[in-house]
There are 2 protein chains.
Amino acid sequence: MSAAATRHRHRGPRIEASEARQSGYFNIGDAAQATGVSAKMIRHYESIGLIQAADRTFANYRIYSENDLHTLRFVKRGRSLGFSIKQIEALLELWSKRGRSSAQVKKLALQHVDDLNARIAEMQAMRDTLQDLANRCHGDERPDCPILEDLACAKGHDQKHP
Amino acid sequence: MSAAATRHRHRGPRIEASEARQSGYFNIGDAAQATGVSAKMIRHYESIGLIQAADRTFANYRIYSENDLHTLRFVKRGRSLGFSIKQIEALLELWSKRGRSSAQVKKLALQHVDDLNARIAEMQAMRDTLQDLANRCHGDERPDCPILEDLACAKGHDQKHP
DNA sequence: ATCCGGCTTGCCATGGTGGGAAGGTCAAGC
DNA sequence: GCTTGACCTTCCCACCATGGCAAGCCGGAT
């Protein structure tokens, strides 16, 4: 467990904390800081199998290599583009596969674009309806209010009023 | 056992099922059908105190009056406009208050419009970035892919690039 | 009397994140 | 040495809104 083991420590046996530091490994807190993924979420991603289980020190601390940070940043970027965990799982898979086709990646991305567009349209419809109602609401001390009337009315406004 | 339990008193004494039918009361299933709110969610809304606890028959079946259906439709409409449960709680409160000012309602609505606009903008930014990356991805059998490169790169693409 | 469909409660799951408790570890200061 | 404070560990709970399933009553029609 000395030189030979140290060499193969990638996903390998536990090492000592100080040694890990010297070898350029990071605590989970440092990894969180460096990647923008909270320590909480790093553990979570590990627990659901999105990322490989981190190596540990003898004291059971997780340690992260530069490579691990790279993966975490990938995940972070994927999340900030709105991909779900499952989609990121697929993207990580493709990322690691040399035999991937860019068509596969593009398909995933465009599916997500479609999803985003659908959600955007839905929210725009809500916003437009509400903005319209708000425009017609005088917004003073009187209780009369088109907004409440719409909510209360229940007359065929489950859909757009034709 | 705080708010929900406190509100767990019914509005009237229990009556018999057939009598309830005759008096124009509805089962939860009928109420669900009539309002578009699932029976599950009606019970949930009751349990969290969003709506008053329904009256019951002797056999403990919930029964709903036309008035109750009106409230349920209000909630349904609010949800379909994207209001949160808490916001709907506030709207219901205002709806029931005669002394309300339309300004209060309008304020709530416009806050929600702002919220929607923020979320829309966020999703549009995601979509635009992704669409752009997808446009630059040839989408063929080769592994080279700007999308994966973006995700993997980690060079200052955490936010919009000004 | 039996059967089916509806009702009741209660628990679990989703997705992604945060909060916190209870306990172990490390490094620095005395 | 020993204390202290910052870190780490696991585990559980909460959010929001909804769906699903299961075990066990009830209603009305056959």
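Please read all numbers here as calculations on a predicted model, not as lab measurements. So that the names make sense, note that chain A is the first sequence line, chain B the second, and so on, each numbered from 1.
- Between the OH atom in Tyr45(B) and the OG1 atom in Thr71(B) there is a gap of 13.0 Å [rounded to 0.5 Å].
- For Arg62(A) and dT25(C), the shortest distance from a side-chain N or O to OP1 or OP2 is not below 4.0 Å.
- When each of Leu108(B), Asp115(B), Asp114(B), Val113(B) is tested with Gln111(B) by the rule side chain to side chain contact (heavy atoms under 4.5 Å, CB included), just one qualifies, namely Leu108(B).
- The distance from atom CD1 of Ile88(B) to atom P of dC16(D) is 13 Å, rounded to the nearest whole Å.
- Non-hydrogen atoms lying under 4.0 Å from DNA chain C are contributed by His44(A), Tyr45(A), all within residues 42-50 of chain A.
- The interatomic distance linking Ile51(B) (CD1) with dA17(D) (P) rounds to 14 Å, in whole Å.
- Listed pair Ser38(A) / dG18(C) meets the phosphate criterion, a side-chain N or O lying under 4.0 Å from OP1 or OP2.
- Between the CG atom of Asn27(B) and the P atom of dG5(C) there is a distance of 16 Å, rounded to whole Å.
- In terms of the salt bridge (charged side-chain N to carboxylate O under 4.0 Å, His left out) criterion, residue partners of Asp140(B) (sequence neighbours excluded) are, by chain and number, Arg142(B).
- Protein atom CD1 of Ile85(B) is 4 Å distant from nucleotide atom P of dA17(D), rounded to whole Å.
- To the nearest angstrom, P of dG19(C) lies 13 Å from CE of Met41(A).
- Side-chain to base pairing of Tyr61(B) with dG27(D): no donor and acceptor N or O lie closer than 3.5 Å to each other.
- Atoms CG and CD, on Asp68(B) and Glu66(B) in that order, are 9.5 Å from each other to the nearest 0.5 Å.
- Rounded to an integer number of Å, the gap from CZ of Phe26(B) to C1' of dG27(D) is 18 Å.
- Below the 3.5 angstrom threshold, one finds no donor paired with an acceptor across the side chain of Lys40(B) and the base of dG6(C).
- Look at CD1 on Ile28(B): it is 13 Å from P on dG6(C), rounded to the nearest Å.
- The minimum heavy-atom distance linking Arg62(A) with Tyr64(A) is given by the pair CD-OH, 3.1 Å.
- Place Gly29(A) and Ser84(B) on DNA chain D by their nearest nucleotides, and Gly29(A) ends up nearer the 5' end.
- Separating the CG atom in Leu91(A) from the CZ atom in Arg100(A) is a distance of 10.5 Å, to the nearest 0.5 Å.
- The NE2 atom of His70(B) sits 7.0 Å away from the SG atom of Cys153(A) when rounded to the nearest 0.5 Å.
- Atom C1' of nucleotide dG24(C) and atom CZ of Phe58(A) are separated by 17 Å, given to the nearest angstrom.
- When the side-chain nitrogen and oxygen atoms of Arg79(A) are compared with OP1 and OP2 of dT17(C), one or more of them lie within a distance under 4.0 Å.
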